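Some notes on the structure that comes next.
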Protein chains: 2
Amino acid sequence: MDGSEATHRDNVPVTLHDVAREAQVHVSTVSRALDPSKSSLVSDRTRERVAAAAESLGYRRHLVASGLRRGRTFTVGVVVPDIANPIYAPVVRGIAHTLDDEGYMPVVADTEDDDERFAQVINHLLSRRIDALITTAARERDEPRLRSLWASGTPVILAVRTLSGSGLPSVDSNDEAGAAMAARHLWDRGHRVVAQLRGPHDVEPFSARGRGFVEEAERLGFELRTIDEEAARPTIEDGEHVADRLLTAHPDVTAVFAQNDLLALGLLMSLRRLGRNCPDDLAIVGYNDAMFAAHSDPPLTTVRLPTYEVGRHAGATAVACIDRPHTPPPRRSVTPELIVRASTG
Amino acid sequence: MDGSEATHRDNVPVTLHDVAREAQVHVSTVSRALDPSKSSLVSDRTRERVAAAAESLGYRRHLVASGLRRGRTFTVGVVVPDIANPIYAPVVRGIAHTLDDEGYMPVVADTEDDDERFAQVINHLLSRRIDALITTAARERDEPRLRSLWASGTPVILAVRTLSGSGLPSVDSNDEAGAAMAARHLWDRGHRVVAQLRGPHDVEPFSARGRGFVEEAERLGFELRTIDEEAARPTIEDGEHVADRLLTAHPDVTAVFAQNDLLALGLLMSLRRLGRNCPDDLAIVGYNDAMFAAHSDPPLTTVRLPTYEVGRHAGATAVACIDRPHTPPPRRSVTPELIVRASTG
DNA sequence: CTGAAAGCGCTTACAG
DNA sequence: CTGAAAGCGCTTACAG
């Protein structure tokens with residue numbers, strides 16, 4: 001009446017009752033006919049009539065109502081610390097792909113690596129009655145909260161950022177081994193005085209990379225320089241800040257292992273500001289092989305973390321935990337790989 | 001019985017009835033007492049008793065049930081073409097921030113810039129009865145589907161990728177103006193023979209950037225070289241491929257306007273493979289000022305698209321459309337800005 | 001094979 | 001100010 005667009009909300013969505021009326025059967029019959037796992041209970045003729053009615057009316061199942069009745073929402077919360085960190089995009093995509101196949105939908109939330117937001121986000125997701133939670137945002141201090149969540153009946157899956165003693169299901173990569181690869185590579189390139197640019201120690205992957213690097217460095221016979229400071233968050237900005245300190249404190253290091261690629265980028269910024277050059281004055285190895293690592297100035301040698309695979313496993317684990325509540329928490333680990341580029345000469 | 005962890009799903013969540021029993025009042029009273037907008041209807045004493053009971057039992061409102069009754073899910077679908085493209089992270093974060101404030105939650109889905117997945121994702125979101133849809137994934141061919149969605153009562157907000165004639169609410173940046181800035185910058189740097197590295201023409205921002213660049217180029221008196229090919233998707237890979245053609249067909253161009261930063265990165269790859277240098281042999285301007293643009297080799301001159309703001313406006317628009325269904329579709333546009341870096345010398 | 005009824009956990013007119 | 005009842009749109013024992 002009032003033009004072809006401009007207004008909306010004039011349509012009432014079609015329900016099971018509408019379909020029942022159209023097909024001249026009871027709603028319960030419609031419900032069964034339209035549910036693949038129950039449609040065998042319905043006669044062929046009825047099933048066809050119902051299908052035709054549903055089709056012609058444009059019926060679309062109300063997943064929220066259905067979920068309320070069945071006690072499932074068919075959603076899985078996915079909590080990431082920083083949606084702008086490119087490593088999480090493939091993780092999320094991997095999760096989405098597996099969930100899709102199983103009829104679940106991811107609900108992605110970002111904590112901005114902040115404690116309060118983390119709590120808030122979890123609360124919100126619980127109010128929405130997610131069937132499981134996958135998080136790549138855990139820090140050590142979150143362990144009690146996540147364990148009690150698990151204990152109270154919501155499957156919790158730790159991806160990337162695991163919590164070693166928690167007993168929760170987890171999917172990660174072998175970061176100690178990855179960091180050891182970085183150390184060996186630098187040794188092979190002839191470096192003897194090295195340092196690490198460290199991320200937050202209360203985040204498992206960073207502490208694991210730290211341990212792995214130090215152990216291998218000692219085994220090989222490196223001189224390892226250290227500073228107390230670490231990046232509070234694994235971002236370019238924090239990386240640049242800590243790199244300033246590191247380069248000032250230890251001008252003799254010839255190579256740095258940055259515990260992730262964003263920190264490595266910050267280090268490159270710092271280095272450039274000091275008028276020094278990579279790889280001639282300083283070799284750099286990053287971690288993750290984030291999307292931009294091949295395109296930075298110079299391209300970054302880095303340890304590839306197979307993020308997409310981690311996402312797929314995490315999604316599959318979530319579904320498994322939902323379907324079989326009393327199963328022991330599964331753990332998976334994928335293998336990292338060293339990618340050599342110009343930043344190590 | 002069986003250890004402290006290992007199993008779960010043993011807890012039944014507490015409902016309004018549990019709280020009612022504990023507080024010795026009727027459920028309807030509990031419902032009112034716990035709803036800020038209705039709690040004034042309840043006596044102070046009762047309200048306090050209810051609050052205490054809810055607190056002690058750890059009651060958490062079942063947003064799904066509540067939504068079913070109220071006819072709202074308080075969720076907004078957010079559809080992006082490629083979650084791995086760094087420009088969408090700030091858009092999504094902007095949306096999340098505004099929705100948060102209004103009690104809504106974003107449900108993010110990725111179409112992988114694929115038609116079929118787009119349709120699938122929309123279907124899924126409709127089954128979940130999202131209150132509104134924000135999409136940054138629209139191509140021209142999606143217009144009918146999105147218009148009919150709007151007509152059938154679901155607010156649809158176009159962000160970044162708008163559809164000019166659709167009459168749908170939209171939030172974008174003035175891409176024609178942004179591209180004109182790029183042209184003027186190249187002119188000022190003394191370039192006279194230029195070309196564009198084009199993204200898909202059925203995506204509004206790319207066609208707008210194309211128009212804006214060509215118009216300004218003609219006004220200024222550039223010699224504008226063209227090839228038929230355009231990148232099917234705005235990715236590094238496609239950019240590299242089309243750049244190969246462009247550089248081969250027109251070796252005389254001294255500057256290229258890449259219609260987004262990922263395409264610019266592809267161009268840099270191609271250039272490097274040809275043994276040519278940026279900015280000495282070729283100046284490059286990108287678009288978006290994506291996270292990595294400041295860190296590429298060389299750092300990229302680009303037109304900044306204020307993605308976070310676009311996200312905020314899109315979120316606010318969604319809420320406005322939900323609250324006031326019969327309002328004319330709002331349009332907003334934010335202003336782009338030229339960021340000069342080393343890729344133009 | 002199909003129908004009638006109960007109920008998932010809420011909210012909200014309607015009485016009192 | 002509070003309670004009792006109906007109902008959001010589904011699913012699923014329970015009868016027949």
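Keep in mind that what you see is a predicted model, and the values were worked out from it rather than measured. Order of the sequence lines fixes the chain letters, A, B, ..., with proteins taken first and strands second; residue numbering starts at 1 for each chain. Just the heavy atoms: all of them, side chains too, but no hydrogens, waters or symmetry mates, feed the values below.
- Interface residues of residues 48-58 of chain A facing DNA chain D, ordered by number: none; criterion, heavy-atom separation under 4.0 Å.
- In terms of phosphate contacts, A/S66 brings no side-chain nitrogen or oxygen within less than 4.0 Å of OP1 or OP2 of D/dG9.
- Relative orientation of the B/Y104 and B/F74 rings is tilted, given thresholds of 30° and 60° on the angle between their planes.
- Under 4.0 Å is where a charged nitrogen must lie from a carboxylate oxygen, and between B/D44 and B/R49 no such pair does.
- Interatomic distance, A/R47 CZ to A/S39 OG, rounded to the nearest 0.5 Å: 5.0 Å.
- Residues B/D113 and B/R139 are paired through a salt bridge, judged by an N-O separation under 4.0 Å between the basic side chain and the carboxylate.
- Under 4.0 Å is where a charged nitrogen must lie from a carboxylate oxygen, and between B/D142 and B/R147 no such pair does.
- At a threshold of 4.0 Å, the pair B/R32-B/D35 does not count as salt-bridged, since none of the basic side-chain nitrogens sits closer than that to a carboxylate oxygen.
- A/R93 has a carboxylate O that lies under 4.0 Å from a charged side-chain N of B/D82, or vice versa, which qualifies the two as a salt bridge.
- A close approach under 4.0 Å does not occur between any side-chain nitrogen or oxygen of B/T15 and OP1 or OP2 of C/dC8.
- In this entry the distance linking CG of A/L41 with P of D/dT11 reads 13 Å, nearest Å.
- For B/L68 and C/dC10, the CG to P distance is 12 Å, given to the nearest whole Å.
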Audit row: B/L168, B/R331, side chain to side chain contact (heavy atoms under 4.5 Å, CB included) steps and yes/no: CA-CA 8 Å; B/L168 294 171; B/R331 318 253 175 111; over 6 Å; no
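- In this structure, B/R69 and B/T46 both approach DNA chain D, and ranking their closest nucleotides by distance from the 5' end singles out B/T46.
- Between B/R61 and the phosphate of C/dT11, there is a side-chain N or O to OP1/OP2 separation shorter than 4.0 Å.
- A/S166 places none of its side-chain heavy atoms less than 4.5 Å from the side chain of A/W150.
- Residue B/Y59 is tested with B/L34, B/D18, B/V30 for a side-chain contact (heavy atoms from CB on, under 4.5 Å); the sole match is B/L34.
- Of the residues in residues 24-37 of chain B, those with a non-hydrogen atom less than 4.0 angstrom from any atom of DNA chain D are B/V25, B/H26, B/S28, B/T29, B/R32.
- Contact annotation: B/K38 reaches the phosphate of C/dT12 (side-chain N/O to OP1 or OP2, under 4.0 Å).
- Stem list for DNA chain C (at least 3 consecutive Watson-Crick or G-U pairs, distances under 3.5 Å): C:1-3 with D:14-16, C:5-12 with D:5-12, C:14-16 with D:1-3.
- Nearest heavy-atom pair across A/L146 and A/I122 is CD2-CD1, 4.3 Å.
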